[in-house]
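Structure record follows, encoded as structure tokens.
Source: prediction; values computed, not measured.
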Amino acid sequence: MNLIYAILLLSFSVLVYVYHRNRKTCRLPPGPWQLPIVGYLPWIDAEKPHETLTKLTRTYGPVCGIRMGSVYTVLLSDPKIIRQTFAKDTCAGRAPLYLTHGIMQGYGLVCAEGERWKDQRKFVSNCLRNFGMVKHEGPRREKMEKRILDAVDECISMLRMRAANEPINPLDTLHHCMGNLINSIVFGKMYNEDEQVWQWLRHLQEEGVKHIGVAGTINFLPFLRFLPRFGRTIRYIVDGKEKTHQVYRGILDEHRARIEEMSGNGNIGIESFLAAFDEEMRKTSATESGHFTEPQLYHLLADLFGAGTDTTLTTLRWFLLFMAAYPTEQEKVQSEMDRCLKDGDHVTLNDRIVAPRLEATVSEVQRLRSVTPLGIPHGTLEDTKIGDYDVPRGTMIVPVQWAVHTDPLYWQDPLEFRPDRFLAEDGSFFKPESFLPFLTGKRVCVGEELARMILFLFAGNILRAFVVSVPPDEVVDLEGECGITLVPKPHRLTFTPRRR
């Protein structure tokens with residue numbers, strides 16, 4: 001025991017020495033009093049971390065610093081400073097967290113940095129453009145729009161059947177339809193709803209997001225993984241990763257078998273990330289493959305499916321819940337579409353111009369219920385400056401979206417649901433500078449335009465088909481549950497077919 005106390009005392013002394021030395025040699029951002037070793041972790045509300053960190057930014061300013069276990073962290077809550085900071089190459093890394101560096105080992109896209117990240121981001125961006133993620137009309141966009149509208153039609157048919165006689169929780173339906181759309185884009189494969197593998201993948205995604213949120217403490221105090229409670233969480237994440245990679249390997253084998261079967265019968269269209277990545281692997285030998293390897297492929301596919309499904313699905317769930325909670329705003333969106341569109345017509349991407357209130361309402365939902373309320377943390381690759389402060393290499397930078405999107409400096413009555421704040425005087429859609437749902441800078445969400453396309457088409461066509469309402473005698477809960485993303489609590493909604 002004496003040896004343990006001696007080690008703790010020595011560790012504390014070293015931390016105090018380093019802290020005071022840094023204070024003398026550089027100007028760190030202001031922050032609260034903290035404990036040695038664990039830093040500010042004991043004061044962070046595990047269920048509402050975004051609210052805890054927002055309070056810190058309100059107290060110590062738009063650039064403030066805390067230590068989260070072994071990781072020095074800078075919180076940003078000024079949109080201008082966030083834009084300036086994330087435009088720098090020095091701030092385009094990932095923080096040295098156990099999840100990104102210990103479990104994911106820097107593979108994929110979300111956890112990658114340096115040359116791997118640049119190379120893979122360019123690959124993903126090119127694929128998305130080739131698949132039809134473009135802002136202007138043309139054959140490629142029309143093809144992507146059709147893929148989305150096919151998923152929308154399936155979703156509406158399932159909602160009409162399942163909600164015909166009673167209120168339902170729409171999660172399973174939305175997850176299947178939107179998830180299958182992402183499956184087609186990422187893997188070139190779609191599943192029947194009752195297929196066991198697909199049911200398991202959906203469950204793993206829902207639970208994995210929660211577990212990774214719970215495992216946050218392990219990111220900052222990796223030695224906790226040796227304790228039973230945290231060890232079980234890590235095993236769940238690692239086992240889930242390995243099993244999904246096995247599924248991906250099976251899909252890759254299926255794809256390669258199709259290529260062999262069709263060899264000599266013309267080119268096979270490359271319409272999925274898996275097919276495009278495999279094509280890159282075929283072009284190069286094992287010694288020249290660079291970042292196009294099977295381990296990178298499996299991690300990248302997981303990132304693309306997870307990020308593509310989770311954030312967009314969660315935003316749509318919040319949208320429908322807010323429409324049910326604010327029927328007057330729902331009616332405004334529906335009335336605008338009824339005026340602009342003929343009976344029986346789909347809402348299409350071209351309707352963005354004539355139906356700006358729909359996009360404004362989706363944006364207000366994204367503002368008031370930031371799906372990633374703490375953004376996606378960045379890391380400094382070398383010593384740098386943020387504003388007037390010195391920030392050392394290896395710092396985690398957290399863009400506190402919740403703080404930005406609920407700050408009265410930028411939004412009048414920020415906690416009120418007001419879609420009109422996204423409409424200009426002439427009625428057109430207006431995007432304020434302080435609106436950062438997809439973040440900004442070097443690591444801005446690479447699929448932003450695709451997400452906007454999916455949300456517009458799903459949200460618009462569901463509201464064209466149904467009046468969404470809260471069942472009688474039930475109370476709407478708009479608080480949410482926070483893991484990596486802020487998701488609605490389990491709820492039921494009534495979907496009543498509209499008569500036009």
*Only one of Val391, Asp89, Thr90 forms a side chain to side chain contact (heavy atoms under 4.5 Å, CB included) with Glu382, so which one is it?*
Thr90
*Is a salt bridge present between Lys385 and Asp390, judged by a nitrogen-to-oxygen distance below 4.0 Å?*
yes
_Val476 and His491, any side-chain heavy atoms less than 4.5 Å apart_ = no
*Evaluate the ring-ring contact (aromatic ring centres under 6.0 Å, His included) criterion for residues Phe123 and Phe292: first the C-alpha distance (whole Å), next the side-chain angles of each, then the deciding distance (0.1 Å), finally the verdict.*
CA-CA 10 Å; Phe123 166 76; Phe292 288 91; 5.3 Å; yes
*Walk me through it: do Phe273 and Phe131 pass the test ring-ring contact (aromatic ring centres under 6.0 Å, His included)?*
CA-CA 9 Å; Phe273 283 102; Phe131 298 158; 5.3 Å; yes
*Going through the checks in order, is the side-chain hydrogen bond (donor to acceptor under 3.5 Å, both in side chains) test met by Asp426 and Ser428?*
CA-CA 6 Å; Asp426 63 359; Ser428 60; 2.7 Å; yes
*asked:* Using a 3.5 Å distance criterion without hydrogens, assess whether the side chain of Trp318 forms a donor-acceptor pair with backbone atoms of Gly480.
replied: no
*Considering the options Ser77, Ser370, Ser434, which one meets the side chain to side chain donor-acceptor pair (under 3.5 Å) requirement together with His405?*
Ser370
*Judged by modelled atom types alone, do Gln330 and Tyr326 share a side-chain donor-acceptor pair under 3.5 Å?*
no
_Between Arg421 and Glu364 (salt bridge meaning N to carboxylate O under 4.0 Å), is one present in this structure?_
yes
*Is the closest basic N to carboxylate O distance between Glu433 and Lys80 below 4.0 Å?*
no
*Assess whether side-chain contact (heavy atoms from CB on, under 4.5 Å) is satisfied between Gln120 and Phe277, documenting all intermediate values.*
CA-CA 10 Å; Gln120 295 297 292; Phe277 198 101; 3.3 Å; yes
*Does a side-chain heavy-atom distance below 4.5 Å link Tyr98 with Phe223?*
no
*Any sub-3.5 Å donor-acceptor pair from Thr485's side-chain atoms to Val371's backbone N or O?*
no
Expected list for residues 37-48: side-chain donor-acceptor pairs under 3.5 angstrom, two or more places apart:
from	atom 1	to	atom 2	distance (Å)
Asp45	OD1	Glu47	N	2.9
Asp45	OD1	Lys48	N	3.3

*Going by distance alone, is a donor N or O of one side chain under 3.5 Å from an acceptor N or O of the other, for Arg129 and Ser125?*
yes
*asked:* Between Glu449 and Arg352, does any side-chain N to carboxylate O distance fall below 4.0 Å?
replied: yes
*asked:* Hydrogens and angles aside, do Thr361 and Glu329 bring a side-chain donor and acceptor to less than 3.5 Å of each other?
replied: no
*asked:* Could you check whether any side-chain heavy atom of Arg140 comes within less than 4.5 Å of a side-chain heavy atom of Asn130, counting everything from C-beta outward?
replied: yes
*Close side-chain approach of Arg94 and His378, heavy atoms under 4.5 Å*: yes
